[in-house]
Every structure is written in C-alpha cells, then in structure tokens.
Amino acid sequence: LDSVKKSETLEVNFDETTKKPTSFNIAYVEQRELVERYVLLILYYKTSIMQEWISNDNWLKSGTHVCDGWHGVTCNDIKSGDITFRPISILNLSSNNVTGSIPEEICHLHFSEELNLQNNALSGLVPECLGQELRSLKKIHLGLNSLSGKMPLGLCELKNDYFLEEIISDCG
C-alpha cells in the first residue's frame, strides 16, 4: 500500500501460457494483496450475515496476512528477485455454513486455481465473471447449495478448453 500511495508505477509481466506473473515490483504485490484481502472481507461480510460461519479462524484478525492461517485460504509463493508474491491459490470454504449469494468481487481472485464452496447455504446466480476473470481456475465445487440459473458460459469454455479440470454443481 505504501508504494501504491507513492504512485510507484506497477510493473508486472505474465507467462502467456499460465497467465501467472513472472516478474513484478513491490507496488504490484501490495496492490494485489490489498485487492485479495478486500475480496475475502466482502465475501465474509456478505455470507455470514444470517448465520456465523462454522470456522472463520483469523479472518478478522488485524495484522494477519490472508495466507497466514485464514481458514480455507491457501497461497502460492511466486518470486521475482528478492520480492515474493503470495496470491491466493485455493479458497476452500466447503461445509462452513456460508450463506447468501456469491459476491461478484470473488472474480478478483485472479490467480485462484481452486474454489470450493460446496455444501453450504449459498443461493442466487453463479457470477458470470468467474469464467472470464479466473483464467487460472482448475477446480470449482459449487454443489449442495441452493444456487440457481445456468453455469456461466465462460466456465464451460474453460472446461471445454481443458484448463478447468473439474466442475461440481447441482443439476436442476
């Protein structure tokens, strides 16, 4: 956040195949970490209104990085020189009493490979942006919820292109 405040130019290069960053500066890392923390907080506040999650270890603990013990959050370490970027790679909140709808903000977890929200009390539509924004997604589990509507076309295209290995959802 400090380098973003100082208006340091964001510098990042991506691998064309994996869509993951190969080189970046501290301003990029701080911006992405801020965005990912914001997304998780939006998710928490929007899906724990009706009933508290079964496990929310460290989710609101001040000064704790999302990769350091937040329940259901797993991160990868990507290095560029002496800078380490720790994007969220797995978000697993299955069987955790998550209620309400999936917020659109979840689509900003660009480097997520797995999203597991199955066996909760989620309702509403699956956000269209999931297949458009989460191009690193390999597994998505949404079954055993009360979601409605069709699976977003972008997710089906990822599945057809063999990037997305697994979609678990309910029928009907």
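When a residue number appears, it is its place in the shown sequence, counting from 1.
His110 places a side-chain heavy atom less than 4.5 Å from the side chain of Glu133. A 4.5 Å side-chain heavy-atom check between Pro87 and Arg32 finds every atom pair outside the cut-off. Side-chain contact between Asn76 and Glu113 is present, with at least one heavy-atom pair separated by less than 4.5 Å. Taking 4.5 Å as the limit, every side-chain heavy atom of Val73 sits out of range of all side-chain heavy atoms of Asn58. Here the side chains of Arg37 and Trp70 are in contact, with some heavy-atom distance below 4.5 Å. Within the 4.5 Å cutoff, the side chain of Ile140 has no heavy atoms near those of the Leu134 side chain. A heavy-atom distance below 4.5 Å is not found between the side chains of Leu91 and Ser112. Within the 4.5 Å cutoff, no side-chain heavy atoms of Leu142 are placed close to those of Leu122.
Residues Tyr45 and Leu109 share a hydrophobic cluster, clusters being chains of Ile/Leu/Val/Met/Phe/Trp/Tyr side chains in contact below 4.5 Å. Hydrophobic cluster membership differs between Ile168 and Leu147, with clusters built from Ile, Leu, Val, Met, Phe, Trp and Tyr side chains linked at under 4.5 angstrom. Ile54 is not connected to Val98 by any chain of hydrophobic side-chain contacts under 4.5 Å among Ile, Leu, Val, Met, Phe, Trp and Tyr, and they are in different clusters. Residue Ile90 is not grouped with residue Leu115 when hydrophobic side chains (ILVMFWY) are merged at heavy-atom distances under 4.5 angstrom, including chains of intermediate members. Cluster annotation: Leu117 is connected to Tyr44 through the hydrophobic network of ILVMFWY side chains, with a link wherever side-chain heavy atoms come within less than 4.5 Å.
Annotation: the span from Glu128 atom CD to Leu153 atom CG amounts to 7.5 Å, rounded to 0.5 Å. In this structure, CG in Asn145 is found 8.5 Å from CD in Gln118, a value given to the nearest 0.5 Å. Atom CD of residue Glu105 and atom CD of residue Glu36 lie 14.0 Å apart, to the nearest 0.5 angstrom. One distance of note links CG of Leu60 with CG of Leu41; it measures 6.5 Å at 0.5 Å rounding. Of the inter-residue distances, the one linking Leu130 atom CG with Met151 atom CE reads 9.0 Å to the nearest 0.5 angstrom. If you take CD1 on Ile78 and CZ on Phe24, they are separated by 6.0 Å, rounding to the nearest 0.5 Å.
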Handout entry: Test side-chain contact (heavy atoms from CB on, under 4.5 Å) applied to His71 and Asn56, step by step
Key = CA-CA 6 Å; His71 172 78; Asn56 61 358; 5.9 Å; no

Practice task
Let me see the working for Glu166 and His141 under side chain to side chain donor-acceptor pair (under 3.5 Å), right down to the final yes or no.
Solution key: CA-CA 8 Å; Glu166 202 171 272; His141 297 184; 2.5 Å; yes

Exercise for the section: Could you check Ser23 against Val12 for side-chain contact (heavy atoms from CB on, under 4.5 Å), going step by step and ending with a plain yes or no? Expected result: CA-CA 6 Å; Ser23 64; Val12 62; over 6 Å; no

Practice task
Start with the C-alpha gap between Gln132 and Cys107, add the side-chain angles, then the distance that decides, and say whether side-chain contact (heavy atoms from CB on, under 4.5 Å) holds.
Solution key: CA-CA 8 Å; Gln132 299 160 351; Cys107 297; over 6 Å; no

Handout entry: Candidate pair Leu158 and Lys138, rule side-chain contact (heavy atoms from CB on, under 4.5 Å), full reasoning
Key = CA-CA 9 Å; Leu158 281 178; Lys138 293 180 181 163; over 6 Å; no

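Salt-bridge formation is detected for the pair Asp68/Arg86: a Lys NZ or Arg NE/NH1/NH2 atom is positioned less than 4.0 Å from an Asp or Glu carboxylate oxygen.
Ring orientation note: the planes of Phe14 and Phe111 are close to parallel, at an angle under 30° on the 30°/60° scale.
For the side-chain hydrogen bond (donor to acceptor under 3.5 Å, both in side chains) with Trp53, the lone residue among Asn97, Asn96, Thr99, Thr47 that qualifies is Thr47.
A donor and an acceptor atom, one from each side chain of Ser94 and Asn119, are nowhere located under 3.5 Å apart.
Without hydrogens or angle criteria, Ser89 side chain to Thr74 main chain gives a donor-acceptor distance under 3.5 Å.
Pro103 and Pro127 get closest at one heavy-atom pair: O-CG, 4.2 Å. Taking each heavy atom of Leu155 and Leu164 in turn, the nearest pair found is O-CD2, 3.5 Å.
Tyr38 OH: 12 or fewer foreign heavy atoms inside a 6.0 Å radius.
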